[in-house]
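Below is one structure; the comments refer to it alone.
Just so it is clear: chains get the letters A, B, ... in the order the sequence lines come, proteins before strands, and each one is counted from 1. What you are looking at is a predicted structure, and each value in this text was computed from that prediction instead of being measured.
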There are 2 protein chains.
Amino acid sequence: MTKNDADRQLLRKSGYKATPSRLAILGIFKKARKPLSAQEVIDALPRSADQATVYRTLKSLNGKGVLKQIDLRHNHAHYELADLAEHHHLICLACGKIEIVHHCGMEETQARILRSSKHFAEIRQHALEFYGVCKSCALKEKKNN
Amino acid sequence: MTKNDADRQLLRKSGYKATPSRLAILGIFKKARKPLSAQEVIDALPRSADQATVYRTLKSLNGKGVLKQIDLRHNHAHYELADLAEHHHLICLACGKIEIVHHCGMEETQARILRSSKHFAEIRQHALEFYGVCKSCALKEKKNN
DNA sequence: TTTTAAATGCGAATTATTTGCAAATAATTT
DNA sequence: AAATTATTTGCAAATAATTCGCATTTAAAA
């Protein structure tokens with residue numbers, strides 16, 4: 001259980017109890033290495049935890065910065081482990097294909113924005129996603145015209 | 001109806017019929033000048049158009065780049081007129097306050113990303129939003145500890 | 001004016017997320 | 001190691017968000 005201990009600590013440090021469901025959910029995100037929806041997490045859980053538990057867990061881990069919420073334009077939230085190297089996504093609006101985008105260079109921009117903001121005390125996260133059409137979907141679109 | 005004619009043209013140019021509902025919806029966004037949810041659009045419509053119509057309209061106008069979808073982390077989509085000067089948002093996770101962010105400097109970044117992408121043919125839009133806590137909510141949070 | 005493809009309205013279906021509450025349990029204290 | 005306590009869970013039901021099928025209407029083209 002050496003591996004698990006890191007997650008236990010992470011949870012404790014964030015002010016949560018290290019329960020089996022939470023450890024399992026973290027484990028799923030570690031394996032997946034791509035944005036997962038609540039439903040995908042539920043399906044991936046071996047002895048399915050209740051959906052309410054999954055939703056609650058995702059929301060609170062997102063709040064604590066353990067997970068990061070991603071908007072893939074699918075009408076439901078996706079999440080990813082936040083401590084993976086900082087990256088963003090390029091998402092095909094037609095088929096959903098995802099490509100990783102590194103180096104957004106937003107760290108300084110974010111600091112500048114906060115400094116020049118009238119009302120804000122803190123920036124906790126930012127979303128930067130690019131929506132487009134992948135090459136194979138672009139071909140298909142051409143055919144259909 | 002001079003004003004309306006611009007919208008009629010816009011719709012036609014995008015391949016749509018210029019129907020009363022669509023013109024009304026465009027009008028609402030022009031007045032609002034802030035991100036609106038489908039429900040807010042429905043409520044703002046004088047002789048309420050059907051919700052299915054509103055959802056369909058928002059989705060297709062977003063697809064054509066007339067509207068831009070914004071994720072405020074409210075569990076439902078928001079939209080804004082896309083042709084307002086390019087800007088982004090700073091959103092309070094606690095109370096929902098929104099501040100406008102100008103100059104994201106993403107245009108070049110976006111071009112660079114597309115060039116170095118293996119699979120993508122086109123980038124149609126990008127989302128860049130900052131989530132944080134506004135000063136007054138930060139104060140409240142302090143009190144509750 | 002007729003035609004026709006596109007758009008609408010309606011109701012119902014589906015999907016996504018949250019809630020209230022009683023029971024279970026992780027961490028803490030004894 | 002047992003007792004305590006504040007969290008967390010599971011369940012079922014509620015609510016919210018979005019989509020669908022289909023008959024009818026309508027904007028634009030012919």
Side-chain angles (χ1 to χ4, degrees), chain A residues 1 4-5 7-26 35-64 66-67 69-79 93 96 144-145, chain B residues 1 4-5 7-26 35-64 66-67 69-79 93 96 144-145:
Chain A
M1 299 280 154
N4 235 319
D5 281 349
D7 290 348
R8 293 195 121 82
Q9 283 203 327
L10 177 60
L11 287 169
R12 299 277 194 74
K13 187 164 51 99
S14 308
Y16 298 117
K17 291 185 182 176
T19 67
S21 327
R22 283 175 184 157
L23 291 168
I25 290 174
L26 283 178
L36 297 176
S37 65
Q39 193 55 55
E40 287 172 318
V41 172
I42 291 166
D43 294 344
L45 281 168
R47 10 185 32 59
S48 64
D50 189 76
Q51 56 171 5
T53 301
V54 172
Y55 277 104
R56 285 187 276 233
T57 302
L58 296 179
K59 188 182 267 200
S60 44
L61 293 183
N62 177 55
K64 292 289 182 184
V66 177
L67 294 178
Q69 186 175 340
I70 318 275
D71 177 23
L72 299 184
R73 299 286 150 97
H74 289 178
N75 287 344
H76 52 262
H78 286 75
Y79 299 86
L93 293 165
N144 297 339
N145 283 337
Chain B
M1 299 279 156
N4 234 320
D5 279 351
D7 289 348
R8 294 195 121 80
Q9 283 204 327
L10 177 60
L11 288 169
R12 300 277 194 75
K13 188 163 50 96
S14 307
Y16 297 118
K17 292 185 182 177
T19 67
S21 326
R22 284 175 183 157
L23 291 167
I25 291 173
L26 283 179
L36 297 176
S37 65
Q39 192 55 56
E40 287 171 320
V41 172
I42 291 166
D43 294 344
L45 280 168
R47 11 187 27 61
S48 64
D50 190 75
Q51 57 171 5
T53 300
V54 172
Y55 277 103
R56 285 187 277 233
T57 302
L58 296 178
K59 188 181 267 202
S60 42
L61 292 183
N62 177 55
K64 292 290 182 182
V66 176
L67 294 178
Q69 185 174 339
I70 318 275
D71 177 22
L72 300 183
R73 299 285 151 96
H74 290 177
N75 286 345
H76 53 262
H78 285 75
Y79 297 87
L93 292 165
N144 297 341
N145 285 339

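The interatomic distance linking A:Q51 (CD) with D:dA14 (P) rounds to 14 Å, in whole Å. Atom pair B:E40:CD and D:dA16:P shows a separation of 14 Å (rounding to whole Å applied). Rounding to whole angstrom units, NE2 of residue A:H78 and C1' of C:dT15 are separated by 13 Å. Atom CZ in B:R73 sits about 17 Å away from atom C1' in D:dA17, given to the nearest Å. Atom-to-atom, CZ of B:R56 to C1' of D:dT18 comes out at 11 Å; the value is rounded to the nearest Å. Between the CG atom of A:D50 and the C1' atom of C:dT17 there is a distance of 12 Å, rounded to whole Å. Rounding to whole angstrom units, CG of residue B:L11 and P of D:dT26 are separated by 18 Å. Atom pair B:L23:CG and D:dT26:P shows a separation of 15 Å (rounding to whole Å applied).
Taking 4.0 angstrom as the limit, B:Y55 places none of its side-chain polar atoms (N or O) nearer than this to OP1 or OP2 of D:dT19. Between C:dT8 and B:S21, a contact under 4.0 Å exists linking OP1 or OP2 to a side-chain N or O. Side-chain N/O atoms of B:T19 include none lying less than 4.0 angstrom from OP1 or OP2 on C:dA6. Side-chain N/O atoms of A:K17 include none lying less than 4.0 angstrom from OP1 or OP2 on C:dT28.
Using a 4.0 Å heavy-atom cutoff across all strands shown, A:Q39 reaches no nucleic acid atom at all. Within 4.0 Å (heavy atoms only), A:R22 reaches sugar-phosphate atoms of the nucleic acid but no base atom. Residue contacts for A:R12: at a heavy-atom cut-off of 4.0 Å it reaches the sugar-phosphate backbone alone, with no base atom in range.
Of the candidate nucleotides C:dA7, C:dT18, D:dA27, C:dT18 has the atom lying nearest to any side-chain atom of A:K59. Side-chain proximity of B:H76 to the nucleotides D:dC20, C:dT17, D:dA17 is greatest for D:dA17. Of all nucleotides listed (D:dA12, C:dG11, D:dA28), D:dA12 comes nearest to the side chain of A:A52.
To the nearest 0.5 Å, atoms CG (A:L45) and CD (A:E40) are separated by 12.0 Å. Here the CG atom belonging to A:L23 is positioned 5.0 Å from the CG atom belonging to A:N4, to the nearest 0.5 angstrom. Separation of atoms CZ (A:R56) and CG (A:D50) is listed at 7.0 Å; rounding is to 0.5 Å. Between A:K59 atom NZ and A:Y79 atom OH the span is 7.5 Å, to the nearest 0.5 Å.
Side chain to side chain, B:D43 and B:Q39 meet the donor-acceptor criterion of an N or O pair below 3.5 Å.
Sequence order on DNA chain C of the closest nucleotides to B:G15 and A:P20 puts B:G15 first from the 5' end. Comparing A:T57 and A:N75 by the nucleotide of DNA chain D that holds the closest heavy atom to each, the one mapping nearer the 5' end is A:T57.
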